Amino acid sequence: MRTLPTSAPVFLLAVATVCLVLASPGRSLAMSDTGAATRPGAGPASTEPVPEELSRLITLEGASLYSWKNMRSRSGFAVAQADTAPQLFTPAAPQRILSWETGEGKSYLVPAFEIPAFIVLLNAFDRVALHDKKTDEGKRTYATNPSTFWHQLSHQDWTFDQDTFKVNQFGHPYEGATMYGLARSAGLNFWQSLVYSNTGSFLWEMAGENSRPSTNDLITTGNAGALLGEALFRMADLVLEEGGGNPPLGHRLAAAAISPPTAVNRLLFGKRFDTVFPNHSPATLWLCRAGFSLDVHSKNPSAPVKEPSQDSIGIVEFSMAYGLPGKPGYSYNRPLDYFNFEVSTRARQHNLVDTLTIRGLLKGKSYEIGRDYRGIWGLYGSYDYISPYVFRVSSTALSLGTTGQYWIGPGVAAQGSLLGGVGFGATGLESDVVEERGYHYGVTPQVLLATNFLFGERAMVDLTGRWYYVSSVGPDHDGSESVFRGHAALTVRIHGSHAIGLQYSESIRNTNYANITTKYRSEGTISLVYTFVSDRAFGAVEWREPAER
């Protein structure tokens, strides 16, 4: 794929919309000053609802992201937490055709038609938007027909292309996420939808372009796209779930901005695919940030970026931790029942998406150590796109690792993840630099260490380090690169869900090629941000009885 048609604006719209909608108060469960649950039209709230009533309020009338957190100081907390499958519709409500639990009503045929239709539409758009784009052989890239499709299919002349980094490493995963979402929202599970996104990726390489099919595009489109698509699908359904049995227009629009394929199937097929996916009330933390960023140092930037790299620029960021370990009754039976999603944008037209990272548990289980630690471990999938101003790095990987929370003391907790694995990575420069390698692919061992220190309802300290070694095992055999990305942030709650934050990011790239002088390149960025926090306790999960805290 040679273009990034409309994915970046849509993605940024999704970030802004989800912040606005999720920031609105929960509609379905009101809390009195004493913490008791009340319902419209009910009498005075009792100070201590019986467990059966509490469970019914949460599962039938309060299917909310915040319900379990609002109740966690109540004696009925354990009962509410143990309900892992909230009912979004009362028994008297009409039954939907699709069942996410049994798979009844899902369709293999609908996405089998929708994905080729999407490819045709994307190809038509590219023909109009880039009608003069030509391949190295002088052919128009998107002037495809049955003859060109058969030529691609019969020759299988694969290569590693050198298209722009944001097209290959962001545009293609977003394309894959769209195809994945069409299958997922038709009732298919993660693994089935993964097959569809990879099949769609292959079809694009055969029928979407005249240029030689690209191996790197095949890897990132289907696989990174599935991870991105699942995270977007889950977040969109959280918004719909928060809207109750009949989500209002604002919630439906927000969900559509986050996951357009989900909205397409809900619109085209009505009640057949409008059953909200059962998220099982995960423990979540999401943060919206907005502020300004300034590069405090840049070492060895190329000439085209030397001056602009020092400019102060506006930033918008969104992050969500979904399925944090420790919540009683929550299980990890499905891929991405735990995931961490982060996206950050910069006010630079040529490099709008600065960072997009996803890591999620594909297969694993929970465990506990003593009274104060709860965790999960297993096989994780990850997709990283990190694009500081002076260079780029991206990776699609599988890792073994663990995520957990430890109560250090009264009100003080530490959450973190440690992952180590291998994937397919790419590094490069956005600008053309003659004196050094601009683009490199290879097998990529990598390590991640992320830790949050939570100080009650007052502050959070976030420390994250990522290391990638883009090796010579791959299409390039004459060198390798080492990339490090470190991030530190202090967030202090001021009032309610409002906080301020100070952040620092360090990006380091070491290149080592046989025919190019070894070069060390780095950039440091400091940011001052306003932060909206979804949980005053910064996502701390409480599983202990009051007497044990």
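This is a predicted model, so every value here is computed, not measured.
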Response to the item:
S147 meets the side chain to side chain contact (heavy atoms under 4.5 Å, CB included) criterion, sequence neighbours left out, with N145
Worksheet item: Is it the case that N279 and S281 place a side-chain donor and acceptor less than 3.5 Å from each other?
Response: no
Practice prompt. For residues F118 and P116, determine if any side-chain heavy atom of one lies less than 4.5 Å from a side-chain heavy atom of the other.
Written response: no
Worksheet item: Can Q169 and S394 be counted as having a side-chain donor-acceptor contact under 3.5 angstrom?
Response: yes
Worksheet, complete the sentence: One should read off an interatomic distance between T220 OG1 and H172 NE2, to the nearest 0.5 angstrom, of 6.5 Å
Discussion item. I'd like to check the salt bridge (charged side-chain N to carboxylate O under 4.0 Å, His left out) partners of R334; sequence neighbours left out, ordered by chain and number.
Written reply: D337
Worksheet entry | side-chain contact (heavy atoms from CB on, under 4.5 Å) between D535 and T284, worked out | CA-CA 8 Å; D535 178 23; T284 63; over 6 Å; no
Worksheet item: Side chain of D163, backbone of V167: donor and acceptor closer than 3.5 Å?
Response: no
Worksheet entry | Interatomic distance, R266 atom CZ to S185 atom OG [nearest 0.5 angstrom] | 10.0 Å
Discussion item. Donor-acceptor pair, distance only, cut-off 3.5 Å: does the side chain of Q152 make one with the backbone of F149?
Written reply: no
Fill in: Residues R289, T491; criterion side-chain contact (heavy atoms from CB on, under 4.5 Å); working and verdict
CA-CA 10 Å; R289 295 185 174 103; T491 303; 3.7 Å; yes
Worksheet item: Between the side chain of S399 and the main-chain N/O of G401, is any donor-acceptor distance below 3.5 Å?
Response: no
Item to complete: Using a 4.5 Å cut-off on heavy atoms from C-beta on, say whether the side chain of Y196 contacts that of I115.
Response: yes
Fill in: Heavy-atom pair of closest approach, residues L227 and G381
CD1-C, 3.8 Å
Side-chain polar contacts of residues 352-363 - donor-acceptor pairs under 3.5 angstrom, sequence neighbours left out - could you list them?
unit_1 : atom_1 : unit_2 : atom_2 : d
T355   : OG1    : S344   : OG     : 3.4
T355   : OG1    : R485   : NH2    : 3.4
T357   : OG1    : R466   : NH2    : 3.4

Discussion item. The criterion is side chain to side chain contact (heavy atoms under 4.5 Å, CB included); which residues satisfy it with W158, sequence neighbours excluded?
Written reply: Q156, F202, E205, M206, P213, T215, L218
Worksheet entry | Within-4.5 Å side-chain heavy-atom neighbours: S107 and R272 | yes
Response to the item:
On a heavy-atom basis, the closest approach of A186 and N265 is N-ND2, 3.8 Å
Worksheet item: Is the backbone N or O of G425 less than 3.5 Å from a side-chain atom of S395, with the two atoms forming a donor-acceptor pair by type?
Response: no
Fill in: Heavy-atom donor-acceptor pair, T275 side chain to K271 backbone, under 3.5 Å
no
Discussion item. I need the C288 SG to F318 CZ distance, nearest 0.5 Å.
Written reply: 5.5 Å
Practice prompt. Compare every heavy atom of P111 with every heavy atom of A183, then report the nearest pair and how far apart it is.
Written response: CA-CB, 3.7 Å
Practice prompt. Under the ring pair (Phe, Tyr, Trp, His ring centres under 6.0 Å) rule, collect the residues that match up with Y530, sequence neighbours excluded.
Written response: H498
Fill in: Partners meeting salt bridge (charged side-chain N to carboxylate O under 4.0 Å, His left out) with R493 (sequence neighbours left out)
E457
Worksheet item: Can you tell me if T402 uses its side chain to pair, donor with acceptor, with the backbone of I376 under 3.5 Å?
Response: yes
Worksheet item: Does any non-hydrogen side-chain atom of Q405 lie less than 4.5 Å from one of Q415?
Response: yes
Worksheet entry | Gap separating the CD atom of E114 from the CG atom of L182, nearest 0.5 angstrom | 5.0 Å
Practice prompt. Kindly indicate, with the supporting measurements, whether the criterion salt bridge (charged side-chain N to carboxylate O under 4.0 Å, His left out) is fulfilled by R234 and E241.
Written response: CA-CA 10 Å; R234 293 283 187 114; E241 197 171 72; over 6 Å; no
Practice prompt. Measure from the ring center of Y322 to the ring center of W286 and say whether it is less than 6.0 Å.
Written response: no
Fill in: ring-ring contact (aromatic ring centres under 6.0 Å, His included) pairs, two or more places apart, involving residues 97-116
W100-F233, W100-F277
Discussion item. Are the side chains of P325 and Y332 in contact, using a 4.5 Å heavy-atom criterion?
Written reply: yes
Item to complete: Spell out, as yes or no, whether a donor-acceptor pair under 3.5 Å connects the side chain of T102 to the backbone of E104.
Response: yes
Practice prompt. Could you walk me through whether N168 and N216 pass side-chain contact (heavy atoms from CB on, under 4.5 Å), step by step?
Written response: CA-CA 8 Å; N168 277 348; N216 52 285; 3.4 Å; yes
Discussion item. I need the minimum non-hydrogen distance between Y180 and S193, along with the two atoms involved.
Written reply: CE1-CB, 3.2 Å
Practice prompt. Determine the minimum heavy-atom distance between T531 and G501, stating which atoms define it.
Written response: OG1-N, 4.4 Å
Fill in: By side-chain hydrogen bond (donor to acceptor under 3.5 Å, both in side chains) - contacts of S201 (at least two apart)
none
Worksheet item: Quick one: are L228 and F341 in side-chain contact, heavy atoms under 4.5 Å?
Response: yes
Worksheet item: Are the side chain of E317 and the backbone of A290 linked by a donor-acceptor contact shorter than 3.5 Å?
Response: no
Discussion item. Suppose we screen for side-chain hydrogen bond (donor to acceptor under 3.5 Å, both in side chains). Which residues come up paired with S197, at least two apart in sequence or across chains?
Written reply: none
Practice prompt. Measure from the side-chain N and O atoms of S259 to the backbone N and O of A256, and report whether any donor-acceptor pair falls under 3.5 Å.
Written response: no
Worksheet entry | Partners passing ring pair (Phe, Tyr, Trp, His ring centres under 6.0 Å) against Y338 (at least two apart in sequence or in another chain) | none
Item to complete: With rounding to the nearest 0.5 Å, note down the distance linking CD in E175 to CG in L122.
Response: 5.5 Å
Practice prompt. Taking all non-hydrogen atoms of both residues into account, name the closest pair between K166 and Y385 and its distance.
Written response: CB-OH, 3.4 Å
Practice prompt. Tell me, please, which residues at least two apart from T144 pass side chain to side chain contact (heavy atoms under 4.5 Å, CB included).
Written response: N123, R127, T148, N210
Item to complete: For residues S387 and F165, determine if any side-chain heavy atom of one lies less than 4.5 Å from a side-chain heavy atom of the other.
Response: no
Discussion item. According to ring pair (Phe, Tyr, Trp, His ring centres under 6.0 Å), who are the partners of F269, at least two apart in sequence or on a separate chain?
Written reply: F273
Fill in: T403 versus Y380, side-chain donor and acceptor atoms under 3.5 Å
yes
Practice prompt. Give a yes or no answer on whether the side chain of R346 reaches the backbone of G314 with a donor-acceptor pair at less than 3.5 Å.
Written response: no
Practice prompt. Please assess L287 against L285 for the test side-chain contact (heavy atoms from CB on, under 4.5 Å), listing each intermediate value before the final yes or no.
Written response: CA-CA 7 Å; L287 303 96; L285 172 69; 3.9 Å; yes
Worksheet item: Quick one: CD on E342 to CG on D384, what's the gap to the nearest 0.5 Å?
Response: 9.5 Å
Discussion item. I'd like to know whether S366 forms a side-chain hydrogen bond (donor to acceptor under 3.5 Å, both in side chains) with Y330, so could you lay out the CA-CA distance, the side-chain angles of the two residues, the decisive distance to 0.1 Å, and finally the verdict.
Written reply: CA-CA 10 Å; S366 59; Y330 186 77; over 6 Å; no
